[in-house]
Amino acid sequence: MFREPVSFMHSLHSQYLSETTEDEMDFTKALALEETRKKHLSIPQGARSPSFLFYRSRADYYEHIQRFLRVFNKEQIKVIIFEEFIKDNAKTL
């Protein structure tokens with residue numbers, strides 16, 4: 001299940017703030033820190049893995065889907081869009 005990328009990144013940032021994985025309160029600034037963090041700098045002490053803070057990579061759905069397609073047949077994969085699921089669970093499923 002995939003969520004619209006920008007709202008997903010905002011939600012992930014909020015979740016990480018509450019879990020103390022993220023220490024940058026401002027979402028825009030957190031995005032700007034990605035390149036620095038990829039160099040293992042400015043990593044919050046509570047971060048379990050620096051890559052968790054690479055918001056754009058986490059929302060790169062194409063790469064995630066391709067990884068599944070390398071392992072499973074296309075017929076074994078069901079991609080669900082979160083917003084469609086919320087509108088009508090039964091129809092989407």
Side-chain angles (χ1 to χ4, degrees):
M1 184 175 300
F2 295 100
R3 187 173 181 179
E4 184 277 315
V6 175
S7 63
F8 166 72
M9 290 188 295
H10 273 282
S11 177
L12 189 61
H13 178 256
S14 294
Q15 176 184 338
Y16 287 168
L17 284 171
S18 70
E19 294 175 353
T20 68
T21 300
E22 176 63 83
D23 63 358
E24 176 51 63
M25 299 295 288
D26 184 273
F27 174 68
T28 304
K29 289 179 183 177
L31 282 180
L33 281 169
E34 281 189 34
E35 291 306 314
T36 302
R37 289 173 168 175
K38 286 181 179 179
K39 297 173 185 169
H40 300 283
L41 302 170
S42 299
I43 304 295
Q45 190 171 3
R48 293 172 292 208
S49 172
S51 67
F52 285 7
L53 301 168
F54 306 161
Y55 298 101
R56 289 180 183 93
S57 297
R58 301 290 303 272
D60 182 3
Y61 300 147
Y62 177 81
E63 182 55 39
H64 296 302
I65 293 170
Q66 292 304 309
R67 194 171 55 248
F68 279 96
L69 288 170
R70 286 192 290 271
V71 177
F72 301 101
N73 294 324
K74 193 164 87 170
E75 296 77 26
Q76 294 176 291
I77 299 172
K78 171 71 174 166
V79 175
I80 298 174
I81 306 302
F82 177 76
E83 289 77 11
E84 292 173 8
F85 179 74
I86 294 299
K87 285 180 189 174
D88 190 341
N89 301 140
K91 180 180 177 186
T92 302
L93 291 177

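It should be emphasised that the depicted structure is a prediction, and the values quoted were computed from it without experimental measurement.
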| request: Look at E34 together with R58 and state whether they make a salt bridge at an N to O cut-off of under 4.0 Å. | output: no

| remark: Taken to the nearest 0.5 Å, the spacing of F54 CZ from L12 CG works out to 12.5 Å

| What's the spacing between F2 CZ and I80 CD1 if we round to 0.5 Å? | 10.5 Å

| query | Distance-only, no hydrogens or angles: does the E84 side chain make a donor-acceptor pair with backbone N or O of T92 under 3.5 Å? | reply | no

| message | So which atom in T28 and which in D26 form the shortest heavy-atom distance, rounded to 0.1 Å? | response | N-OD1, 3.1 Å

| Going only through I, L, V, M, F, W and Y residues with side-chain contacts under 4.5 Å, is there a path from F72 to Y61? | yes

| query | Any chance CZ of F68 has more than 12 other-residue heavy atoms, nucleotides or ligands included, within less than 6.0 Å? | reply | no

| request: Kindly give the heavy-atom pair with the smallest separation between L53 and T21, and that separation in Å. | output: CD2-O, 3.9 Å

| said: How long is the straight-line distance from CE of M9 back to OG of S14, given to the nearest 0.5 Å? | reply: 12.5 Å

| task | Can you see which heavy atom on S18 is nearest to which on Q15, and at what distance? | result | OG-O, 2.8 Å

| request: Locate the shortest heavy-atom distance separating H64 from S57; write the atom from each residue and the value. | output: NE2-O, 3.5 Å

| message | Is there a path of hydrophobic side-chain contacts, each under 4.5 Å between heavy atoms, that joins F52 and M25? | response | no

| request: Using a strict cut-off of less than 4.0 Å between a Lys/Arg side-chain nitrogen and an Asp/Glu carboxylate oxygen, indicate whether R67 and D60 qualify as a salt bridge. | output: no

| said: Test your reading of the model: is there a side-chain donor-acceptor pair from Y16 to the backbone of A47, 3.5 Å cut-off? | reply: no

| remark: Here the pair of heavy atoms bringing E24 nearest to E22 is N-OE2, 2.9 Å

| field | Salt-bridge criterion met for E63 and R56 (N-O under 4.0 Å) | value | no

| Y62-L69 co-clustered via ILVMFWY side chain contacts under 4.5 Å | no

| field | CA sep, side-chain torsions, deciding dist, call: F8, F82, side-chain contact (heavy atoms from CB on, under 4.5 Å) | value | CA-CA 10 Å; F8 166 72; F82 177 76; over 6 Å; no

| task | For residues F85 and R3, determine if any side-chain heavy atom of one lies less than 4.5 Å from a side-chain heavy atom of the other. | result | no

| remark: Rounded to the nearest 0.5 angstrom, the CD1-OG1 distance for I43 and T36 is 9.0 Å

| field | Enclosure of Q45 CD (heavy-atom neighbours >12, cutoff 6.0 Å) | value | no

| field | Short side-chain to backbone donor-acceptor contact, R37 and S42, under 3.5 Å | value | yes

| message | Just verifying a value: how many Å separate I81 CD1 and M1 CE, rounded to the nearest 0.5 Å? | response | 9.5 Å

